[in-house]
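Take a look at the structure set out below.
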Number of protein chains: 2
Amino acid sequence: MRTSLKELAKKSGYSVNTVSRALRDADDVKASTKSLIKQLAEEMGYIPNVVAKNLRLGKTNTIGVVSADSSNPYFAEVILAIEDAARSHDYHILLVNTEESPEGEREAIDTLIERQVDGLLIIPVFGEDANLERLKNLSVPFLLVGRWLPGLEDHSILTDEYDKAKQVTSLFLANGHTHVLHLAGPSFVSSSFDRIKGYRDAHSEAGIPVNEDLIVETDGHIEDGHRHINALIRKELPFTALFAFNDLVAIGAMRALKEAGYLIPQDVEVVGFDDLDLSRYLYNSLSSVRIPKQELGRIAFESLFEHMTDPKKLYRRQTIESRLMLRETTTFENIGDSQIQGGIK
Amino acid sequence: MRTSLKELAKKSGYSVNTVSRALRDADDVKASTKSLIKQLAEEMGYIPNVVAKNLRLGKTNTIGVVSADSSNPYFAEVILAIEDAARSHDYHILLVNTEESPEGEREAIDTLIERQVDGLLIIPVFGEDANLERLKNLSVPFLLVGRWLPGLEDHSILTDEYDKAKQVTSLFLANGHTHVLHLAGPSFVSSSFDRIKGYRDAHSEAGIPVNEDLIVETDGHIEDGHRHINALIRKELPFTALFAFNDLVAIGAMRALKEAGYLIPQDVEVVGFDDLDLSRYLYNSLSSVRIPKQELGRIAFESLFEHMTDPKKLYRRQTIESRLMLRETTTFENIGDSQIQGGIK
DNA sequence: CATTAAAATATTAACGATAATATTATGCGA
DNA sequence: TCGCATAATATTATCGTTAATATTTTAATG
């Protein structure tokens, strides 16, 4: 049986409370008593029961992380950064995946709240209004990581994806591409929405009408990028530039292009999004918008931490800057950006 | 303030116990009482306090997952599968990263035990004997995922990596490669150890002496693969085949080879390990040993679940079969393996 | 040496649930 | 209508902590 404070008390002759205070180094316990009790605890292999402590204190030092899909390398990195930051603040994370379903998200949030997490970091999907209401009435602090939800924009930590999507598209258009394909992300995700908006606005600014056939929705996975490009080639849809929702889609797409005999960047120029660690090591190192994933994760936890510490703190939308990294899948230079490094960019 | 059973009791006129039993559908509570109480709970927005429940029941429905580095796509997939399986059994996971340090591993295990997890899944590193002892005396069931520790082999769920490493190396040797480079993993990881052993034994079986210069230790990350190949090329170390510790290292290595002007597979044939989702979508689709990551994760949880359900159940080492996937970074066929599919292999 | 403040420890209550046991209410048969 | 089994509910104890309060011991002071 596990040894508890009670047993330490019995064995030592002190009361449970004194034992508890001794182990916590309370200053109203005699030094000699402390060392005696600590030694006994050591000998008896005492392990504190944090569940009991949590119940008593009404605080669990645990946050819930509601992730869409933790195996996606983008989220995986963000989550790692969250966990790192949490650990350094003596917090733990309960990780739940929703598989991008509002239903899963609801369940995840509910069970995490039941488990008395002190806060929540959520990578949300657009869902029913009921979910929104539920969030608004949540009894613990929460932040939305890298995505937003209508009416809850203040809870978001975002990147400047609209701007960057527009910039990428504008660069393509400025460099003579009239048929820029956008392999967009799923419609129930805010980043998808923002990036499509950037794509559209770049066109209207350039005075070029958007060809709706050139906006194709994918599920954001590599296979889907591959599949869609195959289909588009079969349909003989012409395009000379590809702006992908993320690097995974870009990789799948580039593979399909290669299989069909197209050269990158000569026949098709490609830009991805997220800038995964491996993207710059690809055969054609991939031009991509670098989202500072670690920073995003760290700031997410740290902001949440502030809200947990001070529940009255007001929520305000935060934006982290990303940066377009131009590499071998594009031929042009970024106007106004001279930060080109040698070697592996 | 959150509503508790006590408040439901006061409001309804029933005792706390009856309320508790009603909500749990105990059969010694009148049907009308149940529905009355349930409705009240609904109205008052009652949310059960699982921490209190856990304390009372001495069970948390939580397992600890001690991961080396959850941002590594290989682990990320395994962990996702663990979480999936856990969720379907009404379990949650507390995820802690160790950054491959024995120290971090010790701390992780300690804090998870204090948090009363019902079991542990650990991706361990070789460390001090003290850590081993600590594991052996653990009060909860635990399994080692994809790795082993000396003396705890029975707790492991492994893949046949020794066999596959030997197979890969033998294939290289049989196809005339006399200089097979092995970019090995870190020495404190069992898989590294096993794969090196396979590499060596393949040589001795073929009667070819091992050139120690051709076994190079990496940290298993993409950058390190790139860095080491650069260094080796500078040193003019000749090799015509590369067996990488994992796909990440292979990707980094291939990029370095390309930068130096080598062609794959004409100048250097490459085989990786793990078979990441994206590996078959690379420009040169990567030949790799496919570890069934989802299966590994699922079986890890399910075995642990059995041990948690029946603590007397004996531990026995489990092995999952992996499979060599030959793609475009190699030119030969796998002797005795005819499962070649069309399209993207 | 008595008095009293301060130091050290003990006692009691509480967190919110569940389990074991005790009590009360209900219905049925004779 | 009584007795008694059974159904329904209540009471008490408990999980392992920590906080608030109470008590005892020790040390300091005159």
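All values below come from the heavy atoms of this structure, side chains included, with hydrogens, waters and symmetry mates left out. Proteins come first, then strands; the chains are lettered A, B, ... in the order of their sequence lines, and each starts at number 1.
Residues B:Asn97 and B:Ser67 bring a donor and an acceptor atom of their side chains to less than 3.5 Å of each other. Between the side chains of B:Ser303 and B:Gln318, at least one donor N or O sits under 3.5 Å from an acceptor N or O. Looking at B:Asn17 and B:Ser15, their side chains never bring a donor and an acceptor atom within 3.5 Å of each other. B:Ser4 and B:Glu7 are linked by a side-chain donor-acceptor pair at a separation below 3.5 angstrom, with hydrogens and angles left out of the test.
Residues meeting the salt bridge (Lys or Arg N to Asp or Glu O under 4.0 Å) test with B:Lys6, sequence neighbours left out: none. When the salt bridge (Lys or Arg N to Asp or Glu O under 4.0 Å) test is applied to A:Glu103, the partners found at least two apart in sequence or on another chain are A:Arg106. The salt bridge (Lys or Arg N to Asp or Glu O under 4.0 Å) test applied to A:Asp28 returns A:Arg21, not counting sequence neighbours. Residues passing the salt bridge (Lys or Arg N to Asp or Glu O under 4.0 Å) test with B:Glu83, sequence neighbours excluded: B:Arg87.
A:Tyr14 places its OH atom 9 Å from the C1' atom of C:dA8, with the value rounded to the nearest Å. Rounded to whole angstrom, the span from the CG atom of B:Asn54 across to the P atom of D:dG16 amounts to 13 Å. The separation between A:Asp28 atom CG and D:dT26 atom C1' is 15 Å, rounded to whole Å. Remark: P of C:dT18 and CG of B:Leu8 are 12 Å apart, rounded to the nearest angstrom. A straight line from NZ of B:Lys59 to P of C:dA19 spans 13 Å, rounded to a whole angstrom.
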For nucleotides 12-17 of chain C, tabulate all protein N/O to nucleotide N/O atom pairs closer than 3.5 Å, reporting atom names and distance.
residue: C:dA14; atom: N3; partner: A:Arg56; partner atom: NH1; Å: 3.3
residue: C:dC15; atom: O2; partner: A:Arg56; partner atom: N; Å: 3.4
residue: C:dG16; atom: N2; partner: B:Ala52; partner atom: O; Å: 3.4
residue: C:dA17; atom: OP1; partner: B:Tyr46; partner atom: OH; Å: 2.7
residue: C:dA17; atom: OP1; partner: B:Asn49; partner atom: N; Å: 3.0
residue: C:dA17; atom: OP2; partner: B:Leu5; partner atom: N; Å: 2.6

Nucleotide N/O of nucleotides 4-6 of chain C paired with protein N/O under 3.5 Å:
none

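Between A:His89 and A:Phe301, the ring-plane angle classifies as tilted under the 30° and 60° cut-offs.
A 6.0 Å sphere centred on OH of A:Tyr14 holds more than 12 heavy atoms belonging to other residues, nucleotides or ligands.
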For residues 119-136 of chain B, dump all side-chain donor-acceptor pairs below 3.5 Å to protein atoms at least two apart in sequence or in another chain.
residue: B:Asn131; atom: ND2; partner: B:Pro102; partner atom: O; Å: 3.2
residue: B:Arg134; atom: NE; partner: B:Asp110; partner atom: OD1; Å: 2.9
residue: B:Arg134; atom: NH2; partner: B:Asp110; partner atom: OD2; Å: 3.2

Throw together a table of side-chain donor-acceptor distances under 3.5 angstrom for residues 46-53 of chain A, partners on residues two or more places apart or in other chains.
residue: A:Asn49; atom: OD1; partner: A:Val51; partner atom: N; Å: 2.9
residue: A:Asn49; atom: OD1; partner: A:Ala52; partner atom: N; Å: 3.1

Across nucleotides 21-26 of chain C, 5' to 3', mark each nucleotide with B, S or - according to how protein heavy atoms within less than 4.0 Å reach it. ------
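Relative to the axis of its first five pairs, the axis of the last five pairs of the helix from C:dC1-D:dG30 to C:dA30-D:dT1 sits at 60°, rounded to 10 degrees.
Taking the charged nitrogens against the carboxylate oxygens, B:Lys313 and B:Glu306 do have a contact shorter than 4.0 Å, which makes a salt bridge. The pair B:Arg298-B:Glu302 meets the salt-bridge criterion, since a charged nitrogen lies less than 4.0 angstrom from a carboxylate oxygen.
Using a 4.0 Å cutoff on non-hydrogen atoms, no part of residues 34-41 of chain B comes near DNA chain D.
Residue pairs meeting the side-chain hydrogen bond (donor to acceptor under 3.5 Å, both in side chains) criterion with at least one member in residues 139-150 of chain A, sequence neighbours excluded, are A:Glu100-A:Arg147, A:Ser139-B:Arg2, A:Trp148-A:Asp194.
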